[in-house]
2 protein chains.
Amino acid sequence: MAKHEPDLSLLFHALADPTRRSILTRLAEGPAPVTELARPTGLRLPTVMRHLSVLETAGLIATSKDGRVRSCAIVPEALVPVRTWLDEQRAIWEDRLDRMDEYVMKLMEERTQ
Amino acid sequence: MAKHEPDLSLLFHALADPTRRSILTRLAEGPAPVTELARPTGLRLPTVMRHLSVLETAGLIATSKDGRVRSCAIVPEALVPVRTWLDEQRAIWEDRLDRMDEYVMKLMEERTQ
DNA sequence: GTGTTAGTTAGCCGTATGGCTAAGCATGAA
DNA sequence: TTCATGCTTAGCCATACGGCTAACTAACAC
């Protein structure tokens with residue numbers, strides 16, 4: 001389709017993996033270095049690094065290096081476009097419901113005449 | 001990680017494709033047969049069918065066949081787990097902010113004594 | 001400096017994804 | 001019955017994904 005929302009695809013794709021979601025949940029509680037994020041996953045460091053880079057590319061986390069330790073932190077506002085899309089989607093749906101409701105009302109009115 | 005939320009992964013993955021999102025947006029306005037959904041995408045029918053089956057597996061749409069026409073309709077409540085996850089995520093984050101705030105307040109209090 | 005710790009890079013491997021064509025099946029119209 | 005329509009299935013192809021090992025670099029600790 002080549003839509004003009006590459007970020008949404010990046011975001012949803014980043015969120016589609018349980019490991020990445022668990023990392024985000026962990027980071028919601030506060031920043032953490034790579035190794036600490038890796039430990040509970042049971043995955044090797046390079047694998048986790050890849051997940052982190054997916055998250056960072058999507059803008060969901062930000063990282064900074066202090067000495068040899070890279071600290072990762074969540075970027076909560078990155079989820080805004082996701083919420084916005086959900087809201088828009090719901091708005092269209094509800095709008096349609098309203099119009100359908102109106103239509104049914106009109107039908108019933110006509111019938112009772 | 002083998003988390004116990006296969007649906008969330010399915011949902012996010014289904015939403016990660018612009019074609020599938022555009023199909024959902026179209027369906028939010030009302031049900032439509034497969035061919036009509038395919039037209040604006042510029043994709044071949046089998047390709048669109050695959051997208052539809054991804055959406056259906058994720059529970060985002062429901063389909064029913066009448067004669068040789070398969071009608072697709074949106075399942076709005078399918079997005080609830082997504083919203084819930086976002087809310088939980090935000091809750092953890094805000095909780096942390098509150099605790100941090102509290103901590104800073106305490107520090108300032110101690111300093112002014 | 002030697003060694004350990006924390007990341008990082010490169011590259012392999014099997015599977016999944018997203019596109020396609022070609023061919024098949026079922027229904028409705030003529 | 002024949003034909004067009006609307007979907008469906010099978011299967012090919014290139015690329016992307018998610019895991020891994022091995023080897024390398026950059027601190028910090030002795």
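Basis for what follows: all heavy atoms, side chains included, without hydrogens, waters or symmetry-related copies. Chain identifiers are assigned alphabetically (A, B, ...) following the order of the sequence lines, protein sequences preceding nucleic acid strands; residue numbering begins at 1 within each chain.
Protein atom CG of B:L43 is 17 Å distant from nucleotide atom P of C:dT17, rounded to whole Å. Rounded to a whole Å, the CG atom of B:L45 is 12 Å from the P atom of D:dT9. Protein atom CE of A:M49 is 15 Å distant from nucleotide atom C1' of D:dC20, rounded to whole Å. Rounded to an integer number of Å, the gap from A:L55 CG to D:dG18 P is 11 Å. For the pair A:R44 CZ and C:dC13 P, the computed distance is 18 Å after rounding to whole Å. If you measure from atom CG of B:L52 to atom P of C:dG18, you get 13 Å, rounded to the nearest angstrom. If you take CG of B:D17 and C1' of C:dA16, they are 14 Å apart, rounded to a whole angstrom.
Taking side-chain N and O atoms only, A:H51 has a distance below 4.0 Å to OP1 or OP2 of D:dG19. Of the side-chain N and O atoms in A:R20, one or more sit less than 4.0 angstrom from OP1 or OP2 of D:dG18. Using a 4.0 Å cut-off, no side-chain N or O of A:H13 falls inside it from OP1 or OP2 of C:dT17. Checking the phosphate oxygens (OP1, OP2) of D:dC20, a side-chain nitrogen or oxygen of A:T47 falls inside 4.0 Å.
Below 30°, between 30° and 60°, or above 60°: for B:F12 and A:F12 the angle between ring planes is between 30° and 60°, a tilted geometry.
Side-chain proximity of B:R50 to the nucleotides D:dC20, C:dC20, C:dG18 is greatest for C:dG18.
Side chain of B:T47 to backbone of B:L43: no donor-acceptor contact under 3.5 angstrom is found. The backbone N or O of B:V34 lies less than 3.5 Å from no partner atom in the side chain of B:R70, so there is not a single donor-acceptor pair.
In A:R26, the CZ atom is crowded: over 12 heavy atoms of neighbouring residues, nucleotides or ligands sit closer than 6.0 Å.
Between A:S71 and A:T63, the closest side-chain pair of non-hydrogen atoms is not below 4.5 Å.
Sequence order on DNA chain D of the closest nucleotides to A:A16 and A:D66 puts A:A16 first from the 5' end. Of the residues near DNA chain C, A:K65 and A:R68, the one whose nearest nucleotide (by heavy atom distance) lies more toward the 5' end is A:R68.
In this structure, B:P46 reaches the bases: a heavy-atom distance under 4.0 Å links it to at least one base atom across the strands shown.
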